**Q** 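Let me give you the structure first, and then I'll get to my questions.
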Amino acid sequence: MSEPILTVSELGVGFVQYAGGLRTRTVTGIAGLDLEVREGEVLAVIGASGSGKTLLAQAILGILPRNADVTGEIRFRGERLTAARRRRTLGREISYIPQSVTNLDPLMPVGRQVRIGLDPRTARQEQRRLFARYDLADEVAGLYPFELSGGMLRRVLFATSVRDTVRLIIADEPTPGLHAEAVAEVLRHLRELAAEGVAVLLITHDILSAAAVAERVAVMNGGRLVTVESASAFTGDGDGLGHPFARDLWRALPQNRFSAGGVEWHW
Amino acid sequence: MALVVSGLGYGHPGGRTLYRDASFRVEAGSVVGVTGPSGSGKSTLGALLAGDLRARSGEITVDGAPLPRRGFRPVQLIHQHPERAVNHKWRMRSVLRESHAVPRRTLDLLGIRSEWLDRWPAELSGGELQRFCIARALHPATRYLVADEMTAMFDAITQAQIWHALSGIVRERGLGMVVISHEPALLDRLCDERIAVERLR
């Protein structure tokens, strides 16, 4: 049995907002969320925008906005992920692939960005190895982000996140805006990492990508995890999906029924 | 009655030429899909059709008249990121009013709830904001819509809801529409005809 890498129990995220004067109200972002990602597994989290997917990633990484109030427990390899433990593990054992390529520094050559956090003695050699792995030519290392295409920038983002010591990768919406071949490439890279034993948490609103790359697909709606479905159930008319919301999501795809929450499409 | 592009030429200042001699037409009441890889100039084409960018050469006419340079734009563009297309310091009621007094029925068709009108843009989700951007574009004088990756950022249900609502309105008013998307299945659902942007080079 493979080891659980990330265990989230009863996670709640609320935001305290001022509602005029000194009155405050708490807006719920996530409530009562449980999930587990094991080594070598890709777990996808899908759901509507505003359903709390990105908040989940931010809660794990400890990068929520200041007014957020977090309850529940997050464990990494069996131990509570405290602020002190995050400082030791983030960037070494836990890695994040952000949503947007604008997270790269526009004023630093991409090779140097990939070398950040690597052992200075072997950094250059390691960066070359990562470039080769992600099909980036050696000369690219000296280029700035604006000189690279969108697909190349995605590969650079992967190279900045992948380290030999990494046990958990959180990828937040790595595919929107990419054409089909580029999407397939991103998914292939995620599968490769899982095959090496990394636990991958893929956050996406792209159901087809989620079902193609993950074993299990967690579905969020309104801050709650409503169901975890087997990826193989996202097929045909979705009759194998256990939860009605998962079926609605699947059937809403234009390649399926293009129905909107039970209302059929007609033109 | 058609949106007609003839001999269009354009390139970004200092950049390579995107279009040299592009010609096509969108009949009123029809839906034309525009496809192509990222970076191939799809959004630029949308901005040219709406009059946000000025062509270097060639001509765009709307139901026989040249695309107006000032005043109301009969070709309305709906962007991929609604949060970048609204004024963050205006409540949603003002965002709508900048265009016209949007009838209650249009708001209902688009699923815009009355209580959203008093909210700030930051208090709505992307899908909710996009409904406002669509309502705003549906001015009585609008003849054509350009939807540039309008639902690419949304989950499947939100995407379907928005297209269900908009397709009904477009048909009822006999508007023409250009749908820019890299999702073939979506274009299959919506479009009478498809143009690959490479073909317009």
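All heavy atoms count here, side chains included; hydrogens, waters and symmetry mates do not. Worth saying up front: this structure is predicted, and the values here are computed from it rather than measured. Labels below follow one simple rule: chain letters A, B, ... track the order of the sequence lines, proteins then strands, and each chain is numbered from 1.
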**Q** What part of E183(B) lies closer than 4.5 angstrom to a heavy atom of chain A: side chain, backbone, both or neither?
**A**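 Answer is side chain: those atoms of E183(B) sit under 4.5 Å from chain A.
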**Q** Which region of I162(B), side chain (C-beta onward) or backbone (N, CA, C, O), has a non-hydrogen atom less than 4.5 Å from a non-hydrogen atom of chain A, or is it both or neither?
**A**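 Contact with chain A: none, neither part.
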**Q** Which pair of non-hydrogen atoms, one from A160(B) and one from A252(A), has the smallest distance, and what is that distance?
**A** CB-O, 3.9 Å
**Q** Should we say atom CZ of R54(B) is surrounded by more than 12 heavy atoms from elsewhere, each under 6.0 Å from it?
**A**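 No, CZ of R54(B) has 12 or fewer neighbouring heavy atoms, counting only those of other groups under 6.0 Å.
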**Q** How far does CD1 of I46(A) sit from CG of D155(B), to the nearest 0.5 angstrom?
**A**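 Output value for this atom pair is 9.0 Å.
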**Q** Any non-hydrogen side-chain atom of S167(B) less than 4.5 Å from a side-chain atom of W265(A)?
**A** yes
**Q** Please rank G261(A), P254(A), A260(A) by heavy-atom pairs under 4.5 Å with chain B and give me the top one.
**A** P254(A)
**Q** Less than 4.5 Å to any heavy atom of chain B: does that hold for the side chain of N256(A), its backbone, both, or neither?
**A**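 Only the backbone of N256(A) comes within 4.5 Å of chain B.
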**Q** Could you tell me which portion of L249(A) (side chain, backbone, both or neither) has an atom closer than 4.5 angstrom to a non-hydrogen atom of chain B?
**A** both
**Q** Check this for me: R20(B), atom CZ, are more than 12 non-hydrogen atoms of other residues, nucleotides or ligands nearer than 6.0 Å?
**A**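 Count not over threshold, so no.
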**Q** Contact part of R189(B) toward chain A, heavy-atom cut-off under 4.5 Å: side chain, backbone, both or neither?
**A** both
**Q** V263(A) versus chain B, heavy atoms under 4.5 Å apart: side chain, backbone, both or neither?
**A**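 Answer is both: backbone and side chain atoms of V263(A) are under 4.5 Å from chain B.
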**Q** Using a cut-off of under 4.5 Å for heavy-atom pairs, which of E128(B), E149(B), M153(B) has the most such pairs with chain A?
**A**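 Most heavy-atom pairs within the cutoff with chain A belong to M153(B).
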**Q** Is the shortest heavy-atom distance from the side chain of P37(B) to the side chain of E181(A) under 4.5 Å?
**A** no
**Q** Give a yes or no on whether R194(B) atom CZ has more than 12 heavy-atom contacts from other residues, nucleotides or ligands under 6.0 Å away.
**A** yes
**Q** Taking H164(B)'s backbone N and O only, do any of them form a donor-acceptor pair with H266(A)'s side chain (distance below 3.5 Å, no angle check)?
**A** no
**Q** Looking at E115(B), I'd like to know if its CD atom is crowded, meaning that more than 12 non-hydrogen atoms belonging to other residues, nucleotides or ligands lie closer than 6.0 Å.
**A** yes
**Q** Need one label for S259(A): side chain, backbone, both or neither, based on atoms under 4.5 Å from any heavy atom in chain B.
**A**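 Backbone only.
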**Q** Working note: F258(A) + L190(B), criterion side chain to side chain contact (heavy atoms under 4.5 Å, CB included); need CA distance, chi angles, decisive distance, verdict.
**A** CA-CA 10 Å; F258(A) 205 31; L190(B) 299 170; 4.2 Å; yes
**Q** Please determine whether the number of non-hydrogen atoms from other residues, nucleotides or ligands lying under 6.0 Å from atom CZ of R23(A) exceeds 12.
**A** no
